[in-house]
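Counting starts at 1 for both ligands and their atoms, following the listed order. These numbers come from a predicted model, not from an experiment. Index from 1, following the sequence.
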Amino acid sequence: MRAAVIIPAAGSGTRTGLKTPKPFILLDGEPLVLHSLRVFQRHRAVALIQPVLPRDLLGTFRRRVLQRYPLNKCLPPVAGGRERQDSVFMGLKALPEDVEIVVVHDAARPFITAAVITRVIEAAARHGAALAAVPAQDTIKMRSRRGMVVETVDRSSLWQAQTPQAFRAGILREAHSRASSDGYRGTDDASLVERLGLPVRLVEGSSRNMKVTTPGDLALARALVRKQ
Ligand code: CTP
Ligand code: MG
């Protein structure tokens, strides 16, 4: 199976509150984006990695990441778009035609493991589309516009979506083209497949597979790295 991985890293990282662009924030002395790149570089099922960066950071990425670390599966970085969905679509268009499986994984999730990657790839090969997810931990309330509780939602069927998400290439291409021509905006790639009425499989993610969004997340990520 020839899998290609798209790494969306073209956000503005506004919520970190830092001047350093999020992909280059140092975690354990190395750029945040490198942490996940390395896990995909080592994974047997992965043939290609397509990083997507803000246009003005393509050179920085080449210098600080590609020239410093052995990442021979990486294609030259491409520029992203205004929203995450645009960035993934740009990465997808840059991939060779013959790729069978496409994995999408946010640069902002540095603690991805080979086991979770294997699970999403295998489930995508079998079902067409798959994502890593974890069961909702908190009690979830539905809130009215006036700030009152409408109901307590049954938590047992609620899962929090993560990346990686994996797809048969044709399905992801179709899902992105259709979303783009319909002007549809989803918050993850799986939702673009769901709206076509196609099956999407949930596989077990990991609570450690956190997303670095806020300064508090960064502090937590640094603590997790120290424990490793
Ligand atoms: N992303 C992207 N292109 C965009 C927006 C987001 O490639 N136009 C990527 C981010 O780089 C990140 C992932 O999508 O790896 C998840 O987005 P998020 O955590 O929201 O990161 P940012 O958008 O960079 O942060 P913020 O929303 O705080 O600005
Ligand atoms: Mg964002």
Backbone or side chain, does any N or O of [X] fall under 3.5 Å from an N or O of ligand 1?
X: Lys22; result: yes
X: Ser12; result: yes
X: Val212; result: no

Under 4.0 Å to a heavy atom of [X] - the qualifying atoms of ligand 1, by number:
X: Arg82; answer: 8 (N)
X: Ala9; answer: 7 (O), 11 (O)
X: Glu83; answer: 4 (C), 8 (N)
X: Ala108; answer: 15 (O)

Q: From the options Ser87, Pro8, Ala107, select the one whose nearest heavy atom is closest to atom 3 (N) of ligand 1.
A: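 Answer by nearest heavy atom: Ser87.
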Q: Flag the pair Glu174 and Arg178 as a salt bridge only when some basic side-chain nitrogen lies within less than 4.0 angstrom of an acidic carboxylate oxygen.
A: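 The answer is yes: the pair qualifies as a salt bridge.
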Q) Quick one: do Arg185 and Glu83 make a salt bridge, cutoff under 4.0 Å? A)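 Yes, charged N to carboxylate O under 4.0 Å.
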Q | Distance-only donor-acceptor check, side chains Asn72 and Gln41, under 3.5 Å | A | yes
Q. How are the rings of His176 and Phe89 set to each other: parallel, tilted or perpendicular (split at 30° and 60°)?
A.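 Parallel: the ring planes of His176 and Phe89 meet at under 30°.
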Q: Check each of His35, Arg38, Arg68, Arg64 against Glu30 using the side chain to side chain donor-acceptor pair (under 3.5 Å) test, and report the only one that passes.
A: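 Exactly one candidate clears the test, Arg38.
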